[in-house]
Amino acid sequence: MSTVRIAPSILTADFGRLAEQVRDAEAGGADLFHLDVMDGLFVPPITFGGQVVAAVRAATRQPVEVHMMVAKPAEHFEELSAAGGGRLIFHWEAIGAEDGPEGVNALIQQVRALGCEVGIAINPETPAEAILPVLASLDEVVVMLIRPGWGGQPMMPAHLEKVRTLREHIDGRRLPVMLEVDGGVKAHNALECVTAGADTLVAGSAVYNPGQTPQEAIAELRAALG
Ligand code: DX5
Ligand code: ZN
């Protein structure tokens, strides 16, 4: 399982020494960084925008993806792309529920026009089938295993069923789409996520927590994957 990518989310990092926290995770083997932008509308909390994305971009050589938990993603594509977000992930629920696959396709094109990769995240209430019409146009699908908005929540393993479904479609159609899980990933359930079909694991509080350094935490995750 050495090909599994570990994507630290900085949500529970120490923002007073953010660059150091990012460098520690990179030194520990982080494959990319997952930055959670929240607007206080799509989800209750407000986190950060382009300035923090740029700070992380400057602190690491690894890829940076932006998980946009925002109600109007298209209004933020330019800023987040300019800040260094190499892959922009927006939520199906922000667009697809109302505008359908055509609306989603328009957004996918907007992201690509900025030279970024594109991902779509689905919330716990959204079935995997919702995104099948646009699956082939994506670089990444993100299955939320928690209600979005907060780090440190326990995973809801029932939603791994969607990961299995999406893995079947991705492999069956030989699509070059990454399959990421987000929420509650820890050493004790990381292998379960990978067995279900995930190839990329977001790890927030598993990496940034008071009990371990990011290097120790990532080593523990890797060991759990065997
Ligand atoms: C929450 C975010 C997650 C969060 C994960 O809405 O999308 O990326 O940081 O944190 P953990 O890994 O602690 O569940
Ligand atoms: Zn996230």
Side-chain angles (χ1 to χ4, degrees), residues 4-15 18 21-22 25 28 30-49 52-53 56 62-71 73 76 80 85-94 117-126 138-160 162-163 178-194 198-214 216-218 220-222 224-225:
V4 176
R5 284 176 288 264
I6 294 178
S9 155
I10 61 165
L11 216 49
T12 57
D14 179 352
F15 277 58
L18 183 57
Q21 294 259 280
V22 168
D31 297 289
L32 68 155
F33 286 85
H34 174 97
L35 306 187
D36 294 293
V37 170
M38 306 185 192
D39 68 350
L41 294 169
F42 185 77
V43 289
I46 295 172
T47 53
F48 51 78
V52 168
V53 173
V56 173
Q62 295 294 55
V64 170
E65 66 176 18
V66 184
H67 178 191
M68 302 174 65
M69 283 160 275
V70 306
H76 306 279
L80 296 171
R87 177 161 54 245
L88 304 185
I89 301 159
F90 60 87
H91 265 266
W92 172 265
E93 299 78 16
E117 293 190 359
V118 59
I120 291 187
I122 54 171
N123 275 345
E125 71 271 16
T126 302
L138 302 175
D139 296 296
E140 183 172 67
V141 173
V142 182
V143 176
M144 297 304 298
L145 300 176
I146 53 166
R147 186 176 155 229
W150 300 270
Q153 305 178 73
M155 171 188 294
M156 299 187 280
H159 296 290
L160 287 173
K162 292 193 270 189
V163 176
M178 290 184 283
L179 181 47
E180 182 176 84
V181 289
D182 185 3
V185 176
K186 298 281 195 291
H188 70 83
N189 58 25
L191 187 57
E192 195 184 350
C193 297
V194 171
D199 55 29
T200 308
L201 307 176
V202 174
S205 53
V207 169
Y208 295 109
N209 65 70
Q212 293 169 302
T213 65
E216 289 167 347
I218 292 170
E220 192 187 347
L221 281 170
R222 290 257 182 244
L225 294 174

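It should be emphasised that the depicted structure is a prediction, and the values quoted were computed from it without experimental measurement. Counting from 1, the numbers follow the sequence of the chain as shown. Counting starts at 1 for both ligands and their atoms, following the listed order.
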Could you grab the angle centred on the Zn ion (ligand 2), going from OD2 in Asp182 to NE2 in His34, to 10°?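 Taking the Zn ion (ligand 2) as the apex, I get 100° for this pair.
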
Atoms in ligand 1 with a heavy atom of Ser205 nearer than 4.0 Å: 11 (P), 12 (O), 13 (O)

Ligand 1 atoms in contact with Met144 (distance to a heavy atom under 4.0 Å):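 In order of numbering, the contacting atoms are 7 (O).
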
Among all protein non-hydrogen atoms, which one is nearest to atom 2 (C) of ligand 1, and what is the separation to 0.1 Å?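 The answer is Asp36 OD1, 3.3 Å.
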
Quick check against the 3.5 Å criterion: does Asn123 have a side-chain atom that pairs as donor or acceptor with the backbone of Arg147?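 Here the side-chain-to-backbone pair does not exist.
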
How far apart are the closest heavy atoms of Val66 and Leu80, and which atoms are they?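 In this case the closest contact between Val66 and Leu80 is CG1-CD1, 3.9 Å.
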
Could you find the nearest protein heavy atom to atom 8 (O) of ligand 1 and give me its residue, atom name and distance?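 Checked against all protein heavy atoms, atom 8 (O) of ligand 1 sits closest to Asp182 OD1, 2.7 Å.
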
Among all protein heavy atoms, pick out the one at the shortest distance from atom 6 (O) of ligand 1; state its residue, atom name and that distance to 0.1 Å.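 For atom 6 (O) of ligand 1, the nearest protein heavy atom comes out as Gly149 N, 2.8 Å.
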
How far is atom 12 (O) of ligand 1 from its nearest protein heavy atom, and which residue and atom name does that atom have? Gly204 N, 2.8 Å

How far is atom 10 (O) of ligand 1 from its nearest protein heavy atom, and which residue and atom is that? Gly151 CA, 3.5 Å

For atom 9 (O) of ligand 1, grab the closest protein heavy atom and report residue, atom and distance to one decimal in Å. Ser9 OG, 2.7 Å

Per-atom contacts, ligand 1 versus Pro148 - under 4.0 Å to a heavy atom: 6 (O)

Any atoms of ligand 1 less than 4.0 Å from a non-hydrogen atom of Val202? List them with their elements.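 Matching atoms, with element in brackets: 8 (O).
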
Do the side-chain N and O atoms of Asp36 and Thr47 include a donor-acceptor pair separated by under 3.5 angstrom? no

Ligand 1 atoms in contact with His34 (distance to a heavy atom under 4.0 Å):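 That gives atoms 8 (O) of ligand 1.
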
Just jot down the ligand 1 atoms closer than 4.0 angstrom to any heavy atom of Gly183, in number order. 14 (O)

Can you name the atoms of ligand 1, numbered from 1 with element, that are less than 4.0 Å from a heavy atom of His67? 7 (O)

May I ask you to decide whether Asp31 forms a salt bridge with Arg222, counting only side-chain N to carboxylate O separations under 4.0 Å?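 Yes.
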
Can you tell which part of Met155 has a heavy atom less than 4.0 Å from ligand 1: side chain, backbone, both or neither? neither

Quick check: closest heavy atoms across Ile218 and Pro8, and the distance to 0.1 Å? CD1-CG, 4.3 Å

Within the 4.5 Å heavy-atom criterion, are Trp150 and Pro44 side-chain neighbours or not? yes

Any nitrogen or oxygen of Gly184, side chain or backbone, less than 3.5 Å from one on ligand 1? yes

Give a yes or no on whether the backbone of Ser205 and the side-chain of Asn209 come within a donor-acceptor separation of less than 3.5 Å.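 Yes, the answer is positive, given that a donor and an acceptor are paired below the 3.5 Å cut-off.
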
Using atom types as modelled and distance alone, determine if a side-chain donor or acceptor of Lys162 lies under 3.5 Å from a backbone N or O of Pro124.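 Side chain of Lys162 to backbone of Pro124: a pair is present.
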
Paired with Leu179, the side chain to side chain contact (heavy atoms under 4.5 Å, CB included) test is passed by just one of Thr200, Val142, Val163, namely Val163

Have a look at Asp36 and say which of its N, O or S atoms is nearest the Zn ion (ligand 2).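 Atom name of the closest N, O or S in Asp36: OD1.
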
For Arg87 against Val118, the heavy-atom pair lying closest together: CG-N, 4.1 Å

Taking atom CZ of Arg5 and atom CD of Glu180, what is their separation to the nearest 0.5 Å?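 Nearest 0.5 Å value for the CZ-CD distance: 9.0 Å.
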
So which N/O/S atom does His67 have closest to the Zn ion (ligand 2)? ND1

Can you list the atoms of ligand 1 that are under 4.0 Å from a heavy atom of Leu11? 4 (C), 9 (O)

Only one of His91, Glu93, Met144 passes side chain to side chain contact (heavy atoms under 4.5 Å, CB included) with Thr126; say which it is.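 Option passing the side chain to side chain contact (heavy atoms under 4.5 Å, CB included) with Thr126: Glu93.
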
